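This one's a predicted model, so the numbers in the text were calculated from it and none came from an experiment.
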Number of protein chains: 2
Amino acid sequence: MARHAKFSNDDVIDAAARLAARSGPAQVTIGAIASELSAPTGSIYHRFASRDQLLGEVWLRTAANFQTQFAARLFAGAPRQAGLSAALLVPAFVRAEPIHARILLLHRREDFLQGAWPETMAQRAQALKSEMDTGLRRFTRSALDRSDSAALRLIKFALVDAPLAAVLPHLRSDEPPPPLVDGLIEIAFCATLDAAEKLLPRRKSS
Amino acid sequence: MARHAKFSNDDVIDAAARLAARSGPAQVTIGAIASELSAPTGSIYHRFASRDQLLGEVWLRTAANFQTQFAARLFAGAPRQAGLSAALLVPAFVRAEPIHARILLLHRREDFLQGAWPETMAQRAQALKSEMDTGLRRFTRSALDRSDSAALRLIKFALVDAPLAAVLPHLRSDEPPPPLVDGLIEIAFCATLDAAEKLLPRRKSS
DNA sequence: ATGCAAATAGAATGCGCGTTCTAGAATGGC
DNA sequence: GCCATTCTAGAACGCGCATTCTATTTGCAT
């Protein structure tokens with residue numbers, strides 16, 4: 001019925017993702033994507049209604065990819081084991097998919113879309129966020145037998161914040177994190193969970 | 001001899017800093033600064049040769065401010081005490097000067113000046129970086145009696161990366177970090193230094 | 001073969017922002 | 001009081017980029 005697309009939807013997203021990972025979302029101009037693909041600028045708009053739609057898609061696809069793996073690890077086995085495995089996903093993800101990792105961890109969501117997100121994408125972003133929130137809450141209950149905000153904060157530090165911190169310098173220099181990084185994450189994870197069990201009384205909801 | 005300046009050099013930097021902290025360096029346009037000051041755009045250029053010069057100044061002033069305090073704490077007393085005190089400067093700085101903290105910790109240096117830094121500012125930035133590097137190296141020697149890269153990486157995690165991670169969620173939501181955050185930082189700091197003393201043999205330079 | 005749907009192709013448009021330019025006003029030394 | 005100097009004031013310019021518009025091409029259904 002019609003001419004075949006030379007540049008697929010994913011071709012465009014991939015090109016945008018490469019640019020974003022390399023030099024940040026601000027450098028992802030329609031012109032830059034076009035020349036990365038050797039395509040004319042107009043063709044981009046046959047796939048995406050606007051630059052915002054495209055950049056939002058880049059971010060959402062990457063975030064969903066990471067969160068799926070994270071959630072899978074978080075509930076595979078005994079809490080302590082599974083939690084550590086989830087925490088160690090962070091450096092593993094950085095090594096396996098440095099482009100996606102740089103997109104997700106090196107830039108803030110607001111740098112992709114400065115203004116408001118298009119309605120349907122805002123919903124998808126919100127869905128990802130609640131998914132992560134309820135996952136962490138569920139994990140906190142199973143690991144500490146509590147779900148107050150202090151317990152949640154501790155778990156989030158052990159599972160997300162500390163791994164991110166350990167990996168960040170290597171993301172910035174764009175080199176794979178050395179094995180030592182996994183050690184740092186494990187140290188922080190164990191120390192935080194030990195402290196949580198020691199300091200926080202169980203079965204109390206402050 | 002001449003007319004008095006209505007807007008001082010620091011007035012301009014402060015206005016730019018407020019805007020950068022509130023909505024990121026990309027939103028710090030000359031027009032935005034001007035309207036923040038109720039000044040005409042032209043006046044900005046009587047103080048700074050270009051937007052790059054101004055934004056660079058914002059970043060450098062903030063970084064120098066933080067680093068001075070950090071270095072002071074790092075060598076005030078016994079290593080373990082002093083190190084913890086330096087690590088805890090991070091949340092203290094966020095509470096005391098949220099604007100400067102957001103500028104320094106929430107955005108990357110490259111988001112302030114995308115291209116190359118003006119020569120003299122590049123030198124000042126480099127000087128700050130080496131100052132921090134040698135400070136950390138000196139601290140590593142005094143705390144662990146080593147200065148190989150593994151020891152340095154551990155110390156940097158305990159002193160910089162982990163505190164940053166603990167504070168980051170609160171910077172994003174623009175609320176002062178609760179006291180619990182100091183606890184997290186202390187836990188990570190002590191665990192990392194304990195592990196370093198246990199795992200790394202002393203007086204070896206790998 | 002032929003027409004139409006859906007692409008490619010890239011020039012044209014409009015806008016936002018950094019920077020510069022022109023005018024007018026204040027200040028202090030003479 | 002007058003001049004040189006340095007500011008305020010804001011309009012004007014030019015460039016880069018998102019978006020749109022006008023061809024032109026392609027391939028399947030008929």
Walking DNA chain C from its 5' end, the first of A:Ala5 and B:Thr29 to be reached, judged by nearest nucleotide, is A:Ala5

Decide, yes or no, whether a salt bridge links B:Arg141 with B:Asp148 under the criterion of side-chain N to carboxylate O below 4.0 Å. no

Using 0.5 Å steps for rounding, measure from the CH2 atom of B:Trp117 to the CG atom of B:Leu55. 9.0 Å

Quiz question: by atom type and distance under 3.5 Å, do the side chains of B:Gln53 and B:Glu57 form a donor-acceptor pair? no

Sorted by first residue and then second, give each ring pair (Phe, Tyr, Trp, His ring centres under 6.0 Å) pair with at least one member in residues 77-111 of chain B; sequence neighbours left out. B:Phe66-B:Phe93

Find the distance A:Gln114:CD to C:dC17:C1' and express it as a whole number of Å. 14 Å

Sub-3.5 Å donor-acceptor pair from the side chain of B:Arg18 to the main-chain atoms of B:Ile99, do we have one? no

Do the side chain of B:Ser35 and the main chain of B:Ser38 share a donor and acceptor less than 3.5 angstrom apart? no

Does the base of D:dT5 carry an N or O that pairs as donor and acceptor with the side chain of B:Arg3 under 3.5 Å? no

Heavy-atom contacts under 4.0 Å between residues 6-28 of chain B and DNA chain D, which residues? B:Lys6, B:Phe7

Looking at residues 40-51 of chain B, who's got a heavy atom less than 4.0 Å off DNA chain D? B:Pro40, B:Thr41, B:Gly42, B:Ser43, B:His46, B:Arg47

In whole angstrom, what separates B:Leu55's CG from C:dC17's P? 14 Å

Between A:Glu110 and A:Gln114, a side-chain donor and acceptor under 3.5 Å: no

Here the distance between atom C1' of C:dC17 and atom CD1 of B:Ile33, to the nearest Å, is 12 Å

Test item: side-chain donor near acceptor, B:Arg153 and A:His170, under 3.5 Å: yes

For D:dT25, does OP1 or OP2 lie under 4.0 Å from any side-chain N or O of A:His4? no

